[in-house]
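So the structure is just underneath, and the comments pick up after that.
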Amino acid sequence: MVYCVDETLLKVTEKEILEFSLYPGRELSAKEIKALKEAAGTSGARMRAAAMIGVKALSKKELYKRLLQKGESAEHAEDAVNWLEEIGALDDLSYAKSVVRHYAVMGYGPGKMRDELYRRGVPRELWDEAIEEESNDPEAAIDRYIAGKLHGKPADEKMMKRISDGLRRRGFRWDDIKEALGRVDRKFWEE
């Protein structure tokens, strides 16, 4: 902590202590105080940003928004986000892949994954690569969903409608749903 004559209290890191040669009783010029405040603000935003992504993975956009919500200036928030990206601690493509993997394991389709990537602020140009690389075969996920709903019983028209609606809400394409429902219908008539 550095106490200024104007009774301002600054949180500084070792970097600022070394950079500004700070020691008890040292007097700083107005120009040095201004530079120290800027450096302390930058360091504080970087530390806060690093702490945030240490707790929970975030996209660049989410991290920027959270830093602004915590009171960081737009300039310091942007610097912190860029710094974390430069050192490899923040990567939107890796984050997108982890989001897609999470929703694929939960049995959701590409539509839901795209919705989540949009909601989380992942750049659109990364969506397809993440979905193609990380998501499982939609056919298997759809079949698991249907099996969980039918429990081995035949499905009437009302149940088929409920299943197809549920699959659409889960983000599956209509062509994949129609094909899966056709398999269920054929299986019923074969038995």
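As a basis for the values below, the full set of heavy atoms in this structure was taken, side chains included, without hydrogen atoms, waters or symmetry mates. All of these numbers come straight from a predicted model, not from anything done at the bench. Positions are given from 1 along the sequence.
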So which heavy atom on Ala180 is nearest to which on Asp143, and how close?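 Shortest heavy-atom contact: CB-OD1, 4.1 Å.
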Which heavy atom of Arg26 sits nearest to which heavy atom of Ser21, and what is that distance? CD-O, 3.0 Å
Find the distance between [atom1] ([X]) and [atom2] ([Y]) and round it off to the nearest 0.5 Å.
X	Y	atom1	atom2	result
Lys34	Leu28	NZ	CG	15.0 Å
Met113	Ile131	CE	CD1	6.5 Å
Asp92	Glu62	CG	CD	9.0 Å
Lys149	Met159	NZ	CE	7.5 Å
Ser73	Glu78	OG	CD	10.0 Å

Stepwise side chain to side chain contact (heavy atoms under 4.5 Å, CB included) test for Leu181 and Ile142: CA-CA 9 Å; Leu181 293 178; Ile142 291 172; over 6 Å; no
Which pairs would a plain distance check flag for residues 48-58, meaning a side-chain donor or acceptor within less than 3.5 Å of a matching protein atom at least two apart in sequence or in another chain?
residue	atom	partner	partner atom	Å
Arg48	NH1	Lys70	O	3.0
Arg48	NH1	Glu72	OE2	3.1

Taking a hydrophobic cluster as the set of Ile, Leu, Val, Met, Phe, Trp and Tyr residues connected by side-chain heavy atoms closer than 4.5 Å, whether directly or through intermediates, do [X] and [Y] fall within one such cluster?
X	Y	value
Tyr103	Leu93	yes
Val122	Val81	no
Leu117	Met106	yes
Trp174	Ile163	yes

Apply side chain to side chain contact (heavy atoms under 4.5 Å, CB included) to the pair Leu90 and Leu63, showing each step before the final yes or no. CA-CA 9 Å; Leu90 193 62; Leu63 179 59; 3.7 Å; yes
Return the set of residues passing side chain to side chain donor-acceptor pair (under 3.5 Å) with [X] (not counting sequence neighbours), or none when no residue passes.
X	result
Lys161	Asp165
Ser98	none
Arg119	Glu116

Which residues satisfy the side chain to side chain contact (heavy atoms under 4.5 Å, CB included) test with [X], sequence neighbours excluded?
X	result
Arg173	Asp175, Asp176
Arg124	Tyr118, Trp127
Leu68	Tyr64, Ala74, Ala77
Thr42	Glu38, Arg46, His76, Asp79

List for me each residue that meets ring pair (Phe, Tyr, Trp, His ring centres under 6.0 Å) alongside Phe172, sequence neighbours excluded, and say none if there are none.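 Phe172 satisfies ring pair (Phe, Tyr, Trp, His ring centres under 6.0 Å) with no other residue.
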Looking at residues at least two apart in the chain, or sitting in another chain, which of them share a salt bridge (charged side-chain N to carboxylate O under 4.0 Å, His left out) with Arg170? none
Test salt bridge (charged side-chain N to carboxylate O under 4.0 Å, His left out) applied to Asp115 - qualifying residues, sequence neighbours left out: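 Here no residue qualifies.
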Candidate pair Ile146 and Leu167, rule side chain to side chain contact (heavy atoms under 4.5 Å, CB included), full reasoning: CA-CA 9 Å; Ile146 292 172; Leu167 288 167; 4.2 Å; yes
Please collect all side chain to side chain donor-acceptor pair (under 3.5 Å) contacts where either partner lies in residues 105-114, sequence neighbours excluded, each pair once.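 Of all non-adjacent pairs touching residues 105-114, those that pass side chain to side chain donor-acceptor pair (under 3.5 Å) are Arg114-Asp128.
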Using the rule side chain to side chain donor-acceptor pair (under 3.5 Å), only one of Glu19, Glu16, Glu14, Lys15 pairs with Ser43; which is it?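 That would be Glu16.
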Greater than 12 external heavy atoms within 6.0 Å of Glu27's CD: no
